[in-house]
Amino acid sequence: MKSELILDVQGLTTVFRMEDGSEIKAVDDVSFNVKSGETVAIVGESGSGKSVTAMSIMRLIPNPPGQIVSGKIHFEGNDLLSMSEEEARAIRGNKISMIFQEPMTSLNPSMTVGRQISEPAEVHSMITSQKASQMSQSLLDAVRIPDSADRVSSYPHEFSGGMRQRVMIAMGMSCNPKLIIADEPTTALDVTVQAQVLHLLKDITYKTNASLILITHDLGVVARYADRVHVMYAGKIVESGKSRDIFNSPQHPYTLALMNSIPRLSNQKKEKLKPIRGNPPDLSKLPVGCSFNPRCDFAIKQCFHEKPTLTTNNRYQSKACWATINDK
Amino acid sequence: MTNDKDLLTVRNLVVEYFSNQRPLSGEKLKVRAVNDISFGLKRGETLGIVGESGCGKTSTALAILKMIDSTSGEILFDQISISSLNKRKFRPLRQKLQMIYQDPFGALNPRMAVRDIVGEPLKAHKKVRNRKDYDSKIDETLEIVGLSREMGKRYPHEFSGGQRQRIGIARAIILKPDLIVCDEPVSALDVSIQAQIINLLEQLQQDFNIAYLFIAHDLAVVQHISHKVIVMYLGKIVEMASREELYESPKHPYTQALLSAIPIPSPDLEATREIKMLEGEIPSPLNPPSGCSFHNRCPLSKPECTKNSPKTTKITNSHSVACHLYS
């Protein structure tokens with residue numbers, strides 16, 4: 001793949017200050033990049049730092065209690081983190097847009113759908129308000145909402161969950177973004193609608209050659225839509241690589257354990273699931289060394305006193321782990 | 001598919017809800033959440049119910065537990081018709097009929113210690129003679145679900161989601177029920193924890209011969225745990241089959257679309273899979289389509305489908321489908 005880098009995140013660390021004065025690292029030294037036109041998935045469970053990573057890229061971390069303490073986020077060559085708020089605002093919602101998880105609460109209930117869709121474009125002075133309604137209508141067509149001419153003047157409560165998520169996508173597309181960050185875009189939707197919305201998102205990014213960061217906990221969604229994957233655990237990327245490589249030969253014990261613990265439609269035989277023992281990590285009391293060590297089947301001595309760093313072990317796949325997996 | 005040996009038999013169950021009166025016309029809107037469904041469940045078996053929101057799966061569960069009134073139809077539990085029982089007469093049966101809830105955060109009283117949450121059914125049904133008996137039953141149950149005696153003294157907020165679900169399970173099994181209704185028991189949990197809970201439920205079934213009515217939208221989880229599966233759409237059963245038959249040869253176009261909508265965690269399989277995408281969304285149950293309620297989204301719909309509601313056709317002894325393609 002010889003396409004240019006559109007986003008390059010280096011050593012991003014975002015902390016949150018707790019009420020008792022302690023700090024937790026929600027995102028801990030995370031580096032990854034996104035090439036133009038590709039779909040990159042960030043997978044992880046709750047508390048893994050996937051959403052905070054997205055919010056950090058958008059510079060939407062509420063401060064206090066949160067703060068980006070180090071790292072660089074280069075978007076089209078410019079560091080987002082060293083920009084003024086004004087400069088960042090010119091990019092946010094314009095060249096980078098975000099689609100949130102909750103279509104029910106992310107829309108303004110007292111504003112027509114059409115106004116909301118064209119708002120980003122108006123704010124970024126790309127169009128005049130006369131043209132706005134026309135644009136909203138064609139975006140509604142693009143996200144395949146029927147009767148777009150009538151629907152532009154509807155309010156969000158008149159729409160179903162799936163349609164609201166389509167409206168969110170239309171809003172995200174209104175400025176022709178280069179990068180779309182979708183944070184669990186379909187978690188709140190029914191299965192058949194989820195498939196429609198993801199297909200639409202993938203289709204639209206393909207047509208506009210935009211890049212997509214897909215944040216999800218669903219490994220199936222990753223397998224179906226992502227080109228590359230970053231697996232996060234306790235604020236760190238523990239494994240990254242091409243989807244195919246990650247699924248066919250997971251190198252990190254957490255990735256492997258996750259794959260073994262989920263029931264799959266393709267498994268016709270009734271086998272016992274292999275759960276990951278223990279509980280998800282508590283960021284305020286992480287173990288010394290690798291954060292996954294209490295739950296790991298392959299941990300060696302080193303894992304209990306030294307933090308592993310992400311190293312590339314072949315051309316595409318990298319992992320942050322001291323141990324070697326010997327799959328029985 | 002109902003017979004004498006079933007632990008639970010549901011015959012022609014209908015559940016209707018009424019909305020508030022409209023201000024001008026004064027008419028009341030009626031929603032048929034469950035529309036004439038019948039099925040049976042044997043001891044020690046798991047029956048999975050899948051479907052999307054508004055399909056009636058939760059209403060079915062609540063009607064079986066008599067937590068809502070059924071409009072018509074019959075529910076037999078251990079050969080006793082419970083639909084006609086009043087609260088007082090139903091109470092002794094209720095111990096044998098328990099429920100595990102979806103939200104492990106909302107289902108536990110935050111002001112009660114875990115021991116008391118788990119032991120409450122013992123008190124409610126006057127199942128213990130003295131304190132010692134009460135304590136030992138709780139300790140035994142906590143151990144079965146993988147919690148320590150020490151943990152029993154703590155409060156729900158001190159536990160993670162998976163542990164809270166274990167507490168909910170402990171409360172459900174302490175009276176040694178015959179049937180547990182599990183309403184989306186793992187969907188609120190992290191992926192790495194789901195397998196722990198599923199394995200625990202399977203273990204309990206083996207050890208105590210409990211039957212589960214397992215309600216979920218995740219077809220992969222249902223496939224894993226169920227012996228028999230029901231697929232519901234807008235209040236009706238569209239397909240019912242053994243686990244193997246349903247997943248290997250789904251008949252109803254809706255079942256096929258549902259299965260194909262779920263991505264499989266394997267890029268190689270996904271690349272070669274034919275995906276049947278459904279158009280549109282689930283219609284409002286206030287105003288269901290005429291004829292077959294799936295016809296407006298069905299890729300194979302025929303003129304007949306818009307007129308008549310399909311009858312249930314038997315494909316094999318353990319597989320039936322309600323679709324005009326097969327009648």
Side-chain angles (χ1 to χ4, degrees), chain A residues 43-48 144 146 159-163 188-196 198-199 217-227 229 233 242-248 254 257-268 270-280 282 295, chain B residues 50-55 159-163 186 188-200 202-203 217-227 243-244 247-248 254 257-271 273 275-284 297:
Chain A
V43 263
E45 300 176 87
S46 50
S48 63
R144 291 174 216 140
F159 281 27
S160 67
M163 279 161 76
L189 305 175
D190 273 317
V191 200
T192 54
V193 182
Q194 173 178 345
Q196 294 168 358
L198 283 169
H199 255 68
H217 67 276
D218 186 333
L219 289 170
V221 168
V222 177
R224 190 176 277 185
Y225 300 101
D227 303 312
V229 190
Y233 187 82
K242 288 188 164 181
S243 307
R244 191 156 283 194
D245 296 336
I246 298 261
F247 280 92
N248 291 346
Y254 173 63
L258 210 52
M259 307 245 176
N260 287 338
S261 73
I262 47 172
R264 294 160 187 249
L265 281 182
S266 49
N267 282 3
Q268 298 289 354
K270 196 163 173 147
E271 290 169 347
K272 227 176 157 52
L273 299 174
K274 292 185 214 138
I276 306 182
R277 62 192 143 91
N279 291 307
D282 177 350
R295 309 175 76 188
Chain B
V50 290
E52 299 177 276
S53 47
C55 74
F159 292 88
S160 66
Q163 288 170 325
V186 298
L189 304 177
D190 263 321
V191 191
S192 73
I193 302 302
Q194 292 190 359
Q196 293 181 3
I197 299 299
I198 293 168
N199 283 357
L200 174 63
E202 286 182 327
Q203 191 62 47
H217 68 280
D218 185 334
L219 283 155
V221 171
V222 169
Q223 177 191 37
H224 180 82
I225 202 165
S226 306
H227 300 96
R243 182 181 83 98
E244 293 78 14
Y247 287 88
E248 274 161 35
Y254 178 64
L258 210 52
L259 284 169
S260 122
I262 293 177
I264 294 174
S266 158
D268 291 342
L269 276 177
E270 279 299 323
R273 234 174 137 205
I275 295 164
K276 289 180 182 161
M277 196 69 66
L278 280 186
E279 291 290 317
E281 291 181 42
I282 306 155
S284 160
R297 296 177 78 197

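Each chain gets a letter, A, B and so on, in the order the sequences are listed, and its residues count up from 1.
When heavy atoms are compared at a cutoff of 4.5 Å, B/Gln194 does not approach chain A at all. Only the side chain of B/Ser160 comes within less than 4.5 Å of a heavy atom in chain A; its backbone stays farther off. In this structure, the portions of B/Leu278 lying under 4.5 Å from any heavy atom of chain A include both its backbone and its side chain. Heavy-atom distances place the backbone of B/Ser260, and not its side chain, under 4.5 Å from chain A.
One distance of note links CD of B/Gln196 with CG of A/Leu273; it measures 11.0 Å at 0.5 Å rounding.
Here the closest non-hydrogen pair linking A/Ser261 and B/Ser192 is OG-CA, 4.3 Å. Across B/Glu52 and A/Val191, no two heavy atoms sit closer than the pair OE2-N, 3.4 Å. Closest approach of B/Gln223 to A/Leu265, counting heavy atoms only: OE1-CA, 3.3 Å. When all heavy atoms of B/Val191 and A/His217 are compared, the closest pair comes out as CG2-O, 3.6 Å. Between B/Ile193 and A/Glu45, the closest heavy-atom pair is N-OE1, 4.5 Å. For the residue pair B/Ala220 and A/Pro263, the shortest heavy atom distance occurs at CB-O, 3.4 Å.
Side chain of B/Glu270 to main chain of A/Val222: no donor-acceptor pair is present (N/O by atom type, distance under 3.5 Å, no hydrogens or angles).
A donor-acceptor contact under 3.5 angstrom links the side chains of B/Arg297 and A/Thr192, judged on distance only.
Listed options B/Val221, B/Asp268, B/Leu219 were ranked by heavy-atom pairs under 4.5 angstrom with chain A; first place goes to B/Asp268. Interface summary for chain B: among A/Ala226, A/Ala223, A/Ser243, A/Ala257, the most heavy-atom pairs under 4.5 angstrom belong to A/Ala223. Between chain A and the options B/Ala195, B/Pro263, B/Ala257, heavy-atom pairs under 4.5 Å are most frequent for B/Pro263.
Here the side chains of A/Lys242 and B/Pro267 are not in contact, with every heavy-atom distance at 4.5 Å or above. Proximity of A/Lys272 to B/Gln203: side-chain heavy atoms (C-beta onward) are separated by under 4.5 Å at one or more points. By the 4.5 Å heavy-atom criterion applied to side chains, B/Pro265 and A/Met259 are not counted as neighbours.
Of the residues B/Ile275, B/Ile264, B/Leu269, B/Ile262, the one that meets the side-chain contact (heavy atoms from CB on, under 4.5 Å) test with A/Arg224 is B/Ile275.
Around atom CD of B/Glu279, no more than 12 heavy atoms belonging to other residues, nucleotides or ligands sit under 6.0 Å away.
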